[in-house]
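Read through the structure below, which is laid out as structure tokens, and then see the notes.
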There are 2 protein chains.
Amino acid sequence: MTTIKEVAEKAGASVTAVSLSLNHRENGHVNKELAEHIRKTAKKLGYHPNPMARSLRTSRTRTIGFISEEIATTPYAGELILGAQDAASELGYMMLMVVTDGKADEAKEIASLKRYGADGFLYAKMHNRISNIPRSLSNEQTVLINARDAKDHVPNITPDEVAIGYDATTKLIDSGAKRIAYIGCSDDLIAEPLRRKGYEQALTDAGMSVNPNLEIRVPNDGPCLERISELFDTQQPDAFFCFNDARTWYIYQCAAQRGLQIGRDISLIGVDNNRIVSETFEPRPTTIELPHYEMGYWGARKLISLIEGRELKTIDTTGMVAEIPELDAPNPVFIRCALIERGSVASKASHRE
Amino acid sequence: MTTIKEVAEKAGASVTAVSLSLNHRENGHVNKELAEHIRKTAKKLGYHPNPMARSLRTSRTRTIGFISEEIATTPYAGELILGAQDAASELGYMMLMVVTDGKADEAKEIASLKRYGADGFLYAKMHNRISNIPRSLSNEQTVLINARDAKDHVPNITPDEVAIGYDATTKLIDSGAKRIAYIGCSDDLIAEPLRRKGYEQALTDAGMSVNPNLEIRVPNDGPCLERISELFDTQQPDAFFCFNDARTWYIYQCAAQRGLQIGRDISLIGVDNNRIVSETFEPRPTTIELPHYEMGYWGARKLISLIEGRELKTIDTTGMVAEIPELDAPNPVFIRCALIERGSVASKASHRE
DNA sequence: TTGTAGGCGTTATCAG
DNA sequence: CTGATAACGCCTACAA
């Protein structure tokens, strides 16, 4: 490992000059040509600063802690992590990972994270919810992902739930559907009333009436094929907006049992939490995708901009500090979700026949 | 932050004595009572060593790097990460996460990991496969997870694929099934021939013949309902061993279309990659669960035992070093998978009727 | 058995 | 504008 001292010797400059130049803080202290010369020789020598030494001195580590507690029981974690990792990597940060699934020692894990010097924390939930951050994080830079604290005191990023319901329903309306069922969730989730609100809004905006008989709410983990079947037979909807992929599966099963084909006889759009639905169901379902990647990405960006205090416009990809164009993180409290068309929505024509 | 110096002062001892005692290396250098006294005052003061300073000195960070490239496209990552994290946490290590999904700069990310001083690396794949580790890792402590290198030079942990096929098929045989179909995968995967081998072995051991007409291999990402339907109708199997959950879904759909009920009219066991299957399909499917958690856990344990050179029996949960009973990682090249019974396998009686 | 001092690689302070 | 030099907190010869 080449050190700053070696660079100084080779470049014929002092350690101070080297440190200053390499951090682009030469303004007025080191003359321009020398600074440039130093940077060149540093590069030539393949110099990279030693993060440990730097941290010891600055008590900043260019490290963020990713804290999550449901990583193993949901399939969404991967994208969240990838998004955060991408942003961190772009900005020259490393991610320390802490998972506390089903363990009581979250506080201990956070303490470790602090000792290792994490500059800030991403506190991620796998289901959009109200969640206050643990007390041990209250004095640290923290961004909540896929959750909001009770008073919105902590910066947070969540999906635009209302838009989900609105976009899906609108799409079904546009395809010519007349009787659009809402297959919701009876569990106490933030998302449920919001998505339903979007559903209602879309119907209203289209001049259609809201029919309570077309709505049903079933629990996430109980058998509910029977109740959905009943709605299916008594109400004969021609389209379905499903709260999530578990419900999408029920509709596929109902259709299969009745010899109906999705995308021809009935239309369906579901929120997709889970790749199996969009990748294996036939015909492929049209889905609304939760913005897990985006939440991770913008969460990390926001956190880092908070850490760096917004005025520090530096990025450190290889350990060397360089200038970057911008390090602004917008504050997208709500992220709009993508609607992916795949063929489970009937064309206008077939609905009218 | 309280430092080693302060502990020394309060305890009325020298810095050396404190460092030695706190690292349990006093043997003969510090007298026992003093060492004990020092440890007590350290605890009382809430002293935790500063990892940066320690690392700067020792060039060891008690940090391992977790490298993965498919984290966002598969749902298995969570358990893998959780397992690794659990082991790391138990042994006082932190996990630095690097995800390289679809990016070409794996080498760069690994370089970062190295600069940050990771003591070793977990190189994880999401599908069991042959995978040589990148050259930049060849001189580092590395453990392959869910993959093996071409010559088994790198320590690795993979599922016992043959046992998967054997256990599932045996279970079906025991329940009275006579015509057990094998719904395999036509993609080039390590697991395919091995699981099939287990299927064949189980049949042979039970004195049953292997019927090629009952076997089918379909691609992972093409529509294949039609071909499976054909097998369903022409061969009339009474049981199915499915290579993965996508195939399980096809069998459920075939059954629904024909008014057959799984667990009564036909039996089914599938490998479950994906929670939606076991949580929402009705009746609940009996599954073989891939040992993602275990691979992560034992992978990390093995790595750390490699790092610590096996003789160093220390653990450092809060940054303080203490004695631990053992730090052995077995070498379970193959991990046997759990079979979870959930009711998609018919009872003997019904098969016999 | 204990204490002192030097050094790990940086950054920051303060004279020149 | 430049360059010594002192920290940062820890570990470890080596001297006492």
Side-chain angles (χ1 to χ4, degrees), chain A residues 1-38 42 45-63 92 114-117 119 312 314 316 318-321, chain B residues 1-38 42 45-63 114-117 312 314 316 318-321:
Chain A
M1 282 292 91
T2 99
T3 74
I4 207 173
K5 209 168 165 184
E6 294 168 27
V7 177
E9 278 167 19
K10 296 277 180 184
S14 72
V15 191
T16 311
V18 174
S19 176
L20 252 26
S21 311
L22 257 26
N23 289 312
H24 283 263
R25 314 169 85 257
E26 71 257 31
N27 32 268
H29 295 290
V30 181
N31 98 41
K32 291 224 163 185
E33 291 102 53
L34 179 53
E36 210 45 62
H37 172 62
I38 288 175
L45 294 177
Y47 167 79
H48 292 308
N50 176 325
M52 268 75 88
R54 176 180 274 177
S55 299
L56 182 58
R57 191 55 236 238
T58 62
S59 63
R60 292 256 318 278
T61 55
R62 281 191 163 289
T63 272
K114 281 191 188 171
R115 267 192 314 103
Y116 274 82
D119 296 337
L312 241 177
T314 54
D316 181 353
T318 55
M320 315 263 306
V321 177
Chain B
M1 282 291 90
T2 99
T3 73
I4 208 173
K5 210 168 166 185
E6 293 169 26
V7 177
E9 277 168 19
K10 295 277 180 183
S14 72
V15 195
T16 312
V18 174
S19 176
L20 253 26
S21 310
L22 258 25
N23 289 314
H24 283 260
R25 314 171 90 258
E26 71 256 28
N27 33 267
H29 294 289
V30 181
N31 92 45
K32 289 224 165 183
E33 291 103 51
L34 179 55
E36 211 45 61
H37 173 62
I38 288 174
L45 293 178
Y47 168 78
H48 293 307
N50 176 325
M52 269 73 88
R54 176 183 274 177
S55 299
L56 183 57
R57 193 54 237 253
T58 62
S59 65
R60 292 257 317 280
T61 54
R62 284 190 104 69
T63 273
K114 280 191 188 169
R115 270 192 311 103
Y116 272 82
L312 239 177
T314 53
D316 180 353
T318 56
M320 315 265 304
V321 176

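Reminder, nothing fancy here: chain letters follow the sequence lines and each chain counts from 1.
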Exercise. Looking for any heavy atom pair under 4.0 Å, which part of the strands does B:Leu34 touch: base, sugar-phosphate only, or nothing?
Worked result: sugar-phosphate

For this session: Could you walk me through whether A:Tyr47 and A:Glu6 pass side-chain contact (heavy atoms from CB on, under 4.5 Å), step by step?
Result: CA-CA 9 Å; A:Tyr47 167 79; A:Glu6 294 168 27; over 6 Å; no

Exercise. For the residue pair B:Ile38 and B:Ala13, what are the closest heavy atoms and their distance?
Worked result: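 Smallest heavy-atom distance, with atoms named: CD1-CB, 3.8 Å.
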
Problem set entry | Considering all heavy atoms, the nearest A:Ala8-A:Val18 contact |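 Nearest pair, atom of A:Ala8 first, then A:Val18: CA-CG2, 3.6 Å.
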
For this session: Report the end-to-end axis angle of the helix from C:dT1-D:dA16 to C:dG16-D:dC1; each axis comes from five terminal pairs, and the value is rounded to 10°.
Result: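 Between the axes fitted at each end of the helix from C:dT1-D:dA16 to C:dG16-D:dC1 lies an angle of 50°.
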
Roughly how far apart are [X] [atom1] and [Y] [atom2], rounded to 0.5 Å?
| X | Y | atom1 | atom2 | value |
| --- | --- | --- | --- | --- |
| A:His48 | B:Lys114 | NE2 | NZ | 11.0 Å |
| A:Leu45 | A:Ile4 | CG | CD1 | 12.0 Å |
| B:Arg54 | A:Leu56 | CZ | CG | 13.5 Å |
| B:Asn50 | B:Thr3 | CG | OG1 | 10.0 Å |

Using a cutoff of under 3.5 Å, can you pull out all pairs of nitrogen or oxygen atoms linking the protein to nucleotides 8-11 of chain D, with atom names and distances?
from	atom 1	to	atom 2	distance (Å)
D:dG9	N2	B:Ala53	O	3.4
D:dC10	OP1	B:Tyr47	OH	2.7
D:dC10	OP1	B:Asn50	N	3.1
D:dC10	OP2	B:Ile4	N	2.7
D:dC11	OP1	B:Arg54	NE	3.0
D:dC11	OP2	B:Ser19	OG	3.3
D:dC11	O2	B:Arg57	NH1	2.4

For this session: Would you please name every residue forming a side-chain contact (heavy atoms from CB on, under 4.5 Å) with B:Thr16, sequence neighbours left out?
Result: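 B:Ser14, B:Leu20.
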
For this session: Decide side-chain contact (heavy atoms from CB on, under 4.5 Å) for A:Val15 and A:Ser19; before the verdict, give the C-alpha distance in whole Å, the side-chain angles of both, and the deciding distance to 0.1 Å.
Result: CA-CA 6 Å; A:Val15 191; A:Ser19 176; 5.5 Å; no

Please tabulate, one pair per line, each protein N/O and nucleotide N/O from nucleotides 13-16 of chain D that are separated by under 3.5 Å, including the distance.
none

Problem set entry | Covered region of DNA chain C, 5' end to 3' end, by chain B [heavy atoms, under 4.0 Å] | C:dT1 to C:dG9

For this session: Please check if the side chain of B:Ser21 supplies one atom and the backbone of B:Ala17 the other of a donor-acceptor pair under 3.5 Å.
Result: yes

Exercise. Just by distance, do the side chain of A:Ser55 and the backbone of B:Met52 share a donor-acceptor pair under 3.5 Å?
Worked result: no

Seminar exercise, completed: Hits for salt bridge (charged side-chain N to carboxylate O under 4.0 Å, His left out) against B:Glu9, two or more places apart or cross-chain, chain-then-number order -> none

